[in-house]
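First up is the structure itself, then whatever we jot down about it.
Starting from 1, each residue takes its place in the sequence as its number. All figures in this text were calculated on a predicted structure; none of them were measured in a lab.
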Amino acid sequence: MTVTVHRDSDAGPPDEYVEAEIHRLLTEDPAVAEQGITVVRTERALVLHGEVESAHRREEILRRVAERFPDVQITSDIGVIRTQAPTEIEQLP
C-alpha cells in the first residue's frame, strides 16, 4: 500500500539530514519505537518502507512524521503483517 502523506510542490528534494531526523524519530520516540521502518530518499520525497502490526499503527507513524516534518513529502510503503493465529494447518512435505 502506498500513501502520500504530504505534498508541497514548492519544496525541493529532501536532504540526508531530514532523512536521518525521520529515522531518529521512528526509533527514539517512545510512542513510535519502530526499528523495522527504513527511510529512503528519492528526488522529491522520502519513502517509508517496512511492516507494522496494524493499520492503526501505520497511520499513527505517518501522522507523527507529517506533524514533525510538514513541508516534506512522505510516501508510505508500510505494510501490515498478520498478527492473528493462522486459520489453516500448514502442510509440510
Side-chain angles (χ1 to χ4, degrees):
M1 176 179 184
T2 302
V3 177
T4 300
V5 174
H6 187 271
R7 174 84 173 130
D8 183 353
S9 58
D10 295 333
D15 62 27
E16 62 273 5
Y17 298 108
V18 173
E19 179 182 355
E21 282 294 314
I22 291 174
H23 190 263
R24 187 173 299 116
L25 169 73
L26 293 172
T27 58
E28 295 178 1
D29 183 334
V32 178
E34 282 290 343
Q35 295 182 9
I37 304 295
T38 58
V39 182
V40 177
R41 194 165 23 111
T42 65
E43 287 183 28
R44 300 288 297 163
L46 292 172
V47 181
L48 305 180
H49 292 280
E51 293 184 333
V52 294
E53 70 273 3
S54 70
H56 174 71
R57 179 90 170 136
R58 176 180 53 210
E59 295 308 315
E60 180 62 18
I61 289 168
L62 296 175
R63 184 186 69 75
R64 286 185 174 273
V65 171
E67 238 176 39
R68 177 91 183 268
F69 302 94
D71 296 329
V72 177
Q73 179 180 345
I74 304 293
T75 301
S76 171
D77 191 21
I78 300 174
V80 177
I81 59 173
R82 181 180 75 185
T83 57
Q84 296 84 17
T87 57
E88 21 183 272
I89 298 172
E90 181 180 359
Q91 298 295 326
L92 300 176

Run Phe69 and Ile74 through side chain to side chain contact (heavy atoms under 4.5 Å, CB included) and show every step you take. CA-CA 9 Å; Phe69 302 94; Ile74 304 293; 5.5 Å; no
Candidate pair Val65 and Val72, rule side chain to side chain contact (heavy atoms under 4.5 Å, CB included), full reasoning: CA-CA 9 Å; Val65 171; Val72 177; over 6 Å; no
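Smallest separation of non-hydrogen atoms from Thr27 and Glu34: CG2-O, 3.6 Å. Heavy atoms only, all atoms of each residue included: Ser76 and Leu62 are closest at CB-CD2, 3.6 Å. For Arg64 against Leu25, the heavy-atom pair with the smallest separation is O-CD2, 4.1 Å. Minimum heavy-atom separation, Glu51 to Ile37: N-CD1, 4.1 Å.
Under the 4.5 Å side-chain heavy-atom criterion for grouping Ile, Leu, Val, Met, Phe, Trp and Tyr, Val32 is connected to Leu46 within one hydrophobic cluster.
A salt bridge is absent between Glu59 and Arg63: the closest approach of a Lys/Arg side-chain nitrogen to an acidic carboxylate oxygen does not fall below 4.0 angstrom.
A distance-only check finds a donor-acceptor pair linking the side chain of Arg58 to the backbone of Ile78 [under 3.5 Å].
In this structure the side chain of Thr75 never reaches within 4.5 angstrom of the side chain of Thr42, judged on heavy atoms. No side-chain heavy atom of Thr38 sits under 4.5 Å from any side-chain heavy atom of Leu48.
The side chain to side chain donor-acceptor pair (under 3.5 Å) test applied to Arg24 returns Glu21, not counting sequence neighbours. In terms of the side chain to side chain donor-acceptor pair (under 3.5 Å) criterion, Gln35 has no residue partners (sequence neighbours excluded).
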